[in-house]
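Accompanying notes for the structure given below.
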Number of protein chains: 2
Amino acid sequence: MDEHGEGRAIDKVADLGRDIGEYIKQQRNTAKISLRQLARLAGVSNPYLSQIERGLRKPSAEILQQIAKGLRISAEALYVQAGILDLPAGGPVTDAVRADHDLTERQKQVLLDIYESFRRENSATRPAAAPSTVEAEPRSEHDDAADQR
Amino acid sequence: MDEHGEGRAIDKVADLGRDIGEYIKQQRNTAKISLRQLARLAGVSNPYLSQIERGLRKPSAEILQQIAKGLRISAEALYVQAGILDLPAGGPVTDAVRADHDLTERQKQVLLDIYESFRRENSATRPAAAPSTVEAEPRSEHDDAADQR
DNA sequence: CCCGAGTGCTAGCAGTTGCAAGCACAGTGC
DNA sequence: GCACTGTGCTTGCAACTGCTAGCACTCGGG
């Protein structure tokens with residue numbers, strides 16, 4: 001991490017750690033499940049999940065993936081909170097370009113940069129879409145039954 | 001990783017490690033830059049980048065982000081290769097661009113023209129290894145100077 | 001020949017990640 | 001009271017990540 005200023009980077013990392021931890025805790029509370037229940041559903045150890053929620057540890061993307069699965073939210077939502085994925089530019093154009101097998105990665109990036117620049121031109125004051133919390137559907141018995149169909 | 005069969009999971013993890021490593025190496029070769037140059041651009045140590053490319057180490061998402069920056073491709077492309085992000089299920093680029101309400105018609109056309117031009121380039125120059133002329137733009141001093149403007 | 005600059009890699013190490021074992025506490029039923 | 005089940009957390013440790021110092025090699029110039 002030589003690129004980072006020593007003091008501010010540490011503060012930033014700590015903040016990011018707390019951000020994803022608090023977000024996970026918030027999602028878990030919203031889902032009304034205990035830390036141990038989530039840990040079991042996610043397939044991670046409960047002490048580790050506890051440490052993550054309190055910002056003491058910084059989980060890998062794989063662990064975030066597992067936690068997302070346990071919470072039944074998208075891994076991407078956690079990645080965004082963890083700062084390893086940008087807010088989705090959103091929309092069919094971005095997805096289509098990314099999925100196009102006829103383009104190289106570099107070409108995709110060039111196209112999307114131009115696309116974004118056009119959008120900025122057209123709507124300079126449009127606010128960015130906020131991360132969604134709609135995935136925090138409460139976990140109930142009824143939900144489990146629906147899950148099995 | 002208790003959810004996974006022991007033998008197959010190990011094989012799968014190893015494959016994934018080699019996948020992202022080979023992918024990075026391929027992108028680097030396509031960009032015609034040395035391992036050390038990419039390491040410098042990415043802000044990671046060159047021995048570590050070497051180990052990553054050879055599948056000996058499994059980089060974190062943060063490191064992948066840095067490597068993507070050095071390669072000038074999206075971090076998401078690397079995440080997909082690393083198996084921590086799913087391929088977006090997108091529709092055709094043309095349809096998506098045409099349907100995008102954030103763009104003027106002119107902008108749509110410009111984007112689609114560039115898109116088609118890229119595809120043409122790729123069809124004309126595509127051998128089995130699929131290099132791109134855009135991506136294969138040599139990374140020179142001149143480029144660096146242009147980069148800073 | 002030597003030297004310098006470049007190449008990719010080896011080896012050892014500090015710090016971090018994720019875990020298992022265990023603790024203290026709360027609530028419930030006998 | 002006790003035993004049980006559940007809660008979140010502490011601690012120590014093995015494995016891993018990412019680094020630095022250094023190596024061997026190639027190439028070009030003097």
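In what follows, chains carry the letters A, B, and so on, assigned in the order in which the sequence lines appear, proteins first and then strands, with residues in each chain numbered from 1. When reading the values below, keep in mind they use all heavy atoms of this one structure, side chains included, and skip hydrogens, waters and symmetry mates.
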Item to check | Partners passing side-chain hydrogen bond (donor to acceptor under 3.5 Å, both in side chains) against A:R40 (at least two apart in sequence or in another chain) | outcome: none
Next on the checklist: Quick one, A:V97 with A:Q107, criterion side-chain contact (heavy atoms from CB on, under 4.5 Å). Give me CA distance, side-chain angles, the key distance, then yes/no.
Outcome noted: CA-CA 9 Å; A:V97 169; A:Q107 288 173 335; over 6 Å; no
Next on the checklist: Regarding B:E53 and B:Y48, do their side chains bring together a donor and an acceptor under 3.5 Å, going by distance alone?
Outcome noted: no
Checklist entry - Can you check side-chain contact (heavy atoms from CB on, under 4.5 Å) on A:L103 and B:Y115, steps first, answer last? => result CA-CA 8 Å; A:L103 300 178; B:Y115 172 56; 3.7 Å; yes
Next on the checklist: To the closest 0.5 Å, what do you measure between CD1 (A:I52) and CD1 (A:I24)?
Outcome noted: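 These two atoms lie 6.0 Å from each other.
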Rounded to the nearest Å, what distance is computed from the [atom1] atom of residue [X] to the [atom2] atom of nucleotide [N]?
X	N	atom1	atom2	value
A:E62	D:dA15	CD	P	19 Å
B:I52	D:dT17	CD1	C1'	9 Å
A:I20	C:dG18	CD1	C1'	16 Å
A:L38	D:dT7	CG	C1'	14 Å

Next on the checklist: Please check: side-chain N/O of A:N46 versus main-chain N/O of A:A39, any donor-acceptor pairing under 3.5 Å?
Outcome noted: no
Dump every N/O contact between nucleotides 8-13 of chain D and the protein below 3.5 Å, one line per pair.
{"unit_1": "D:dG8", "atom_1": "OP1", "unit_2": "A:R28", "atom_2": "NH1", "d": "3.3"}
{"unit_1": "D:dG8", "atom_1": "OP1", "unit_2": "A:L35", "atom_2": "N", "d": "3.2"}
{"unit_1": "D:dG8", "atom_1": "OP2", "unit_2": "A:L35", "atom_2": "N", "d": "2.8"}
{"unit_1": "D:dG8", "atom_1": "OP2", "unit_2": "A:R36", "atom_2": "N", "d": "3.2"}
{"unit_1": "D:dG8", "atom_1": "N7", "unit_2": "A:R36", "atom_2": "NE", "d": "3.0"}
{"unit_1": "D:dG8", "atom_1": "N7", "unit_2": "A:R36", "atom_2": "NH2", "d": "3.0"}
{"unit_1": "D:dG8", "atom_1": "O6", "unit_2": "A:R36", "atom_2": "NH2", "d": "2.0"}
{"unit_1": "D:dC9", "atom_1": "OP2", "unit_2": "A:S50", "atom_2": "OG", "d": "2.4"}
{"unit_1": "D:dC9", "atom_1": "O5'", "unit_2": "A:S50", "atom_2": "OG", "d": "3.4"}
{"unit_1": "D:dC9", "atom_1": "N4", "unit_2": "A:N46", "atom_2": "OD1", "d": "2.6"}
{"unit_1": "D:dT10", "atom_1": "OP2", "unit_2": "A:R54", "atom_2": "NH1", "d": "2.6"}
{"unit_1": "D:dT10", "atom_1": "OP2", "unit_2": "A:R54", "atom_2": "NH2", "d": "3.4"}

Next on the checklist: Need one value for A:I63: base, sugar-phosphate or nothing, where a base atom within 4.0 Å counts as base even if backbone is also close, heavy atoms only.
Outcome noted: sugar-phosphate
